[in-house]
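A, B, ... follow the sequence lines: proteins, then strands. Residue 1 opens every chain.
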2 protein chains.
Amino acid sequence: MITLAEENYLKAILSISLNSDGKVSTNAIAGEIGTSAASVSDMLKKLQDKKLVKYKKYKGVSLTKKGNSFATSVIRKHRLWETFLVNNLNFDWGEVHDVAEQLEHIKSEELVDRLDAFLDYPKFDPHGEPIPTKDGEISTTNTIPLNKLSEGTNGKVMGVTLDEKPFLDYLTKLNISIGTEIKLLEKISFDQSISIKTGNTKQHISNDVAKHLLIKTN
Amino acid sequence: MITLAEENYLKAILSISLNSDGKVSTNAIAGEIGTSAASVSDMLKKLQDKKLVKYKKYKGVSLTKKGNSFATSVIRKHRLWETFLVNNLNFDWGEVHDVAEQLEHIKSEELVDRLDAFLDYPKFDPHGEPIPTKDGEISTTNTIPLNKLSEGTNGKVMGVTLDEKPFLDYLTKLNISIGTEIKLLEKISFDQSISIKTGNTKQHISNDVAKHLLIKTN
DNA sequence: CTAAATTTTTAGATATGTCTAAATCTTTTT
DNA sequence: AAAAAGATTTAGACATATCTAAAAATTTAG
């Protein structure tokens, strides 16, 4: 049996490896989970024993096929539950993360499958993130972060890559959500901040915000 | 913070005290939870420290107002989730217990309230058991167990008091569910088994089955 | 290419919740 | 009312998952 803590470690390792390449470091995991490097070290040994990760001391870690499958399944559950919370229980997209973090650990294949059917097999969650299928496939989209666009380009917001309330609340305040049309007006080289136009409004946002907005160009 | 194990103990204590009076014994709790009397003893001390139960060594235990409130809340969540699973995810009434045992521990007031609204404030769960309201009120019904009815009486099944798959599957096989009209034909004094008529079918069931069927007489 | 800085691991504790076996208290039986 | 039976508690372990502090390995910098 896989425990709740183990599931969280696997999910963290998968998250990190999706945004970087090569082995995942102990410190990166500690940062992601919010625990000490010592605890991570301990846990990596346990995950190794269970054949969920490949781990060499001081050399970082990577998921085995089995570990990847568990991690993907947790992400699938998380995103399906977020979809349910927003679509059916009328939660705001900034309010669902913490509850979904709990719901993702409910153990029942049948439940996940039926929830998926109830939601009519959604492909993306309320943040525009792809929902892995039952077989673990994650659809990719040809989107790029807003901060990588060149000046004068038009596009549409397809997703956000940060699921934290302060960030999502700020986007709501800026009138930005999934589907919003955005034109990149100007990039300031000094601090990488950018000017954008949404509707008839000109706004200025930091690079930290822009890098978490996934854009599909027109 | 109240832990998952503590919630289960409180729920068990409430369940037992609803079906008996006076203090709840260590052994009864051990039986309900499926653990040893020693573990129960340990846990009762912790619950006492948290002011969730009143406990005197060797003298049994009872819930404080605070403990009762937590326990009722867990039962509320359990029954709301069972309702969701049956009504919306098309689970059979015998399949929902184990999943609901997990879902009942999800921590979010907001989630429970919104689920309640989504389900349109149901008063009874799929087994006919009353769902406590947000303020902890549990509606009572004037039903009696089938084995307490007198011969010749007609009535309708309003609920079952056992949420276990083998029992519920057997009822399904007997064509008995919530709403079924039943006439008690004969009580056998030897083993307290009874003959009943449902629709045009005569059937014979044991006292163990009959005592878990709640009947409202016509 | 050594020395300092950083990262990672080990060692030793702590908290939770469980267990078995033994001791103690309570209830029942004779 | 003493002995036996039953229920409950204590004592001592164990597993999980965490922590801090110290040690060891690796990486970076001069």
Specify the residue among A:Thr3 and A:Lys57 whose closest nucleotide of DNA chain D lies further upstream toward the 5′ end. A:Thr3
Distance below 4.0 Å between B:Ser25 side-chain N/O and D:dA7 OP1 or OP2: no
Euclidean distance, atom OH of residue A:Tyr9 to atom P of D:dT16 [Å, nearest integer]: 14 Å
Short side-chain N/O contact from B:Ser39 to OP1 or OP2 of C:dC19, under 4.0 Å: yes
Among D:dA17, D:dT8, C:dA21, the one nearest B:Tyr58 by side-chain distance: D:dT8
Give a yes-or-no answer on whether the side chains of B:His78 and B:Asp125 include a donor-acceptor pair shorter than 3.5 Å. no
In whole angstrom, what separates A:Met1's CE from D:dA15's P? 18 Å
Is the number of heavy atoms from other residues, nucleotides or ligands within 6.0 Å of NZ (A:Lys216) greater than 12? no
A:Ile29 has an atom CD1; how far is it from atom C1' of D:dT18, in whole Å? 16 Å
Of the candidates C:dT9, D:dT18, D:dA17, the side chain of A:Glu6 sits closest to D:dA17
Within less than 4.0 Å of OP1 or OP2 of D:dG6, is there a side-chain N or O belonging to B:Asn27? no
Identify which nucleotide among C:dT8, C:dT18, C:dC19 has an atom closest to any side-chain atom of B:Ser36, counting heavy atoms from C-beta outward. C:dC19
Gap separating the CZ atom of A:Phe91 from the OG atom of B:Ser108, nearest 0.5 angstrom: 5.0 Å
Ignoring the backbone of A:Ala38, work out which of D:dA17, D:dA21, D:dT26 is nearest its side chain. D:dA21
Could you check B:Asp191 against B:Ser193 for side chain to side chain donor-acceptor pair (under 3.5 Å), going step by step and ending with a plain yes or no? CA-CA 5 Å; B:Asp191 63 356; B:Ser193 66; 2.7 Å; yes
4.5 Å side-chain heavy-atom contact, B:Leu115 and B:Trp81: yes
Among C:dT10, C:dT26, D:dT26, the one nearest B:Lys59 by side-chain distance: C:dT26
Counting the atoms with a prime plus P, OP1 and OP2 as sugar-phosphate, which does B:Ser41 contact under 4.0 Å by heavy atoms, base, sugar-phosphate, or nothing? base
Pick from A:Lys46, A:Lys50, A:Lys45: which one makes a salt bridge (Lys or Arg N to Asp or Glu O under 4.0 Å) with A:Glu6? A:Lys50
Nearest-Å distance for atom pair NZ/C1', residues B:Lys23 and D:dA7: 16 Å
Take the protein atom CG of B:Leu10 and the nucleotide atom P of C:dG17, then report the distance between them rounded to whole Å. 11 Å
To the nearest Å, give me how far apart CD1 (B:Ile16) and C1' (D:dA7) are. 15 Å
Rounded to whole angstroms, how far apart are CD on A:Gln48 and P on C:dT9? 11 Å
Report which part of the nucleic acid B:Ala5 touches: base, sugar-phosphate, or nothing (heavy-atom distance under 4.0 Å, all strands). sugar-phosphate
Between NZ of A:Lys56 and C1' of D:dT26 the distance, given in whole Å, is 16 Å
Does B:Lys45 make a side-chain N or O approach to OP1 or OP2 of D:dT9 shorter than 4.0 Å? no
Of the listed D:dT26, C:dC19, D:dT8, the closest approach to the B:Ala37 side chain comes from D:dT8
